[in-house]
Amino acid sequence: MTHRLLFLGPPGAGKGTQAEHLALSHQLLHLSTGDLLRAEVKAGSQLGLEAEAVMNRGELVSDALVLAIVRSTLSKHQGGWLLDGFPRNLPQAQALDKLLLELNQPLQKVLLMELGDDELVQRLLARGRTDDNEAVIRHRLQVYRDQTKPLIEYYQNRGQLQAVPSTGSVESVATAIALVLQ
Ligand code: AP5
């Protein structure tokens, strides 16, 4: 079983939902940069104060801030992991490569989840997080296209990318992902 992997895809594709499920069933660390940032916002830390306004606008928080969180979490962890929401741009992907080389923990697979914009927007509006209003969602989708989507080619060129279904029930998507990872 693959035990060092990452989920790539637009907001609302189901990365967090599937990552949580997979992490539980396979005893992997689920590292979601979005969840970690929201925890900092909730705690009212300096880091959270810096991130909150940026997140509510649907922009990316600074690479340095996110990288510090990922470095500190992965370097303390023994065992498999699953990255969700990171990397989000080319500099983050390159920094991840460097970190994983240092830790001697090569990435094994990148799971790509994609879905049409209208369905993404509907799912996120139904969820209703503070950054889930239509204008911010559309902006997050644009940020995804501009900054994150180029990573598809980055990982495809290495033969690490595997597209997984994003439509169907949460359970049927989870079953399809488990098959891909066997
Ligand atoms: P982040 O928390 O990563 O949010 P996101 O990428 O916008 O992803 P979402 O959580 O919206 O979508 P998802 O694909 O995880 O879908 P989910 O499973 O939740 O980032 C938030 C912000 O933090 C960013 O905008 C940025 O500011 C900052 N940030 C985070 N990481 C960063 C980084 N690396 N660099 C810089 N900034 C960073 O599902 C969505 C909804 O759909 C849920 O309600 C779910 O129940 C439902 N659903 C899931 N699967 C299905 C299904 N099969 N059928 C029907 N409904 C489904």
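Ligands are counted one by one from 1 in listed order, and the atoms in each one are counted from 1 as well. These numbers come from the heavy atoms of this one structure, side chains and all, not from hydrogens, waters or symmetry mates.
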**Message:** I'd like to know whether CD of E20 has more than 12 heavy-atom contacts from other residues, nucleotides or ligands below 6.0 angstrom.
**Reply:** no

**Fill in**
Numbered in order shown, the ligand 1 atoms found under 4.0 Å of a heavy atom of R38 are 2 (O), 21 (C)

**Nearest option to atom 1 (P) of ligand 1, as decided by whichever heavy atom of K15, M113, R140, R88 sits closest** = R88

**Prompt:** Any idea which atoms of ligand 1 are less than 4.0 Å away from a heavy-atom of F86?
**Reply:** 34 (N)

**Request:** Measure the distances from the heavy atoms of A13 to every atom of ligand 1 and state whether one is below 4.0 angstrom.
**Result:** yes

**Request:** With heavy atoms only and a cut-off of under 4.0 Å, state how Q92 meets ligand 1: side chain, backbone, both or neither.
**Result:** side chain

**Request:** Report the nearest protein non-hydrogen atom to atom 12 (O) of ligand 1: residue, atom name, distance rounded to 0.1 Å.
**Result:** G12 N, 2.8 Å

**Request:** Could you tell me whether the side chains of S169 and S172 share a donor-acceptor contact shorter than 3.5 Å?
**Result:** yes

**Top protein contact for atom 45 (C) of ligand 1, by heavy-atom distance** = T17 OG1, 3.7 Å

**Request:** Tell me, with the steps shown, if L31 and L82 meet side-chain contact (heavy atoms from CB on, under 4.5 Å).
**Result:** CA-CA 6 Å; L31 198 173; L82 205 164; over 6 Å; no

**Request:** Compute whether any side-chain donor of one residue and acceptor of the other, for E59 and H139, lie under 3.5 angstrom apart.
**Result:** yes

**Prompt:** With a cut-off of 4.0 Å, which atoms of ligand 1 are near a heavy atom of G168?
**Reply:** 52 (C), 53 (N), 54 (N)

**Item:** Atoms of ligand 1, numbered as shown, that sit under 4.0 Å from any heavy atom of T33
**Value:** 30 (C), 31 (N), 32 (C), 33 (C), 34 (N)

**Asked** Is ligand 1 less than 4.0 angstrom away from at least one heavy atom of R129?
**Response** yes

**Asked** Who's the nearest protein heavy-atom neighbour of atom 16 (O) of ligand 1, and how far?
**Response** G14 N, 3.2 Å

**Request:** With heavy atoms under 4.0 Å as the rule, classify the contact between S169 and ligand 1 as side chain, backbone, both or neither.
**Result:** backbone

**Message:** One residue to check: L37. Relative to ligand 1, which of side chain, backbone, both or neither has a non-hydrogen atom less than 4.0 Å away?
**Reply:** side chain

**Request:** Have a look at L60 and tell me which of V54, V143, L65, V66 forms a side chain to side chain contact (heavy atoms under 4.5 Å, CB included) with it.
**Result:** V143

**Asked** Which of the numbered atoms in ligand 1 are below 4.0 angstrom from a heavy atom of V170?
**Response** 50 (N), 51 (C), 52 (C), 53 (N)

**Prompt:** Taking only heavy atoms of G16, which atoms of ligand 1 are found under 4.0 Å from at least one of them?
**Reply:** 13 (P), 15 (O), 18 (O)

**Message:** Before you tell me yes or no, could you show the steps for D146 and Q142 under side-chain hydrogen bond (donor to acceptor under 3.5 Å, both in side chains), namely the whole-Å CA-CA distance, both residues' side-chain angles and the distance that decides it to 0.1 Å?
**Reply:** CA-CA 6 Å; D146 293 344; Q142 193 55 48; 3.1 Å; yes

**Prompt:** At their closest point, which heavy atom of P87 faces which heavy atom of Y155, and how far apart are they?
**Reply:** CG-OH, 3.4 Å

**Request:** Give the residue and atom name of whichever protein heavy atom lies nearest to atom 50 (N) of ligand 1, and the separation in Å to one decimal.
**Result:** R123 NH1, 3.6 Å

**Item:** Identity of the nearest option to atom 22 (C) of ligand 1, non-hydrogen atoms only, from R127, E59, M55
**Value:** M55

**Prompt:** Heavy atom under 4.0 Å from ligand 1: found in L124's side chain, backbone, both, or neither?
**Reply:** side chain

**Message:** Distance under 4.0 Å to a non-hydrogen atom of P10: what atoms of ligand 1 satisfy this?
**Reply:** 14 (O)

**Message:** If only side-chain N and O atoms count, and only distance matters, is there a donor-acceptor pair under 3.5 Å linking E114 with S166?
**Reply:** no

**Prompt:** Is the closest basic N to carboxylate O distance between K42 and D35 below 4.0 Å?
**Reply:** no

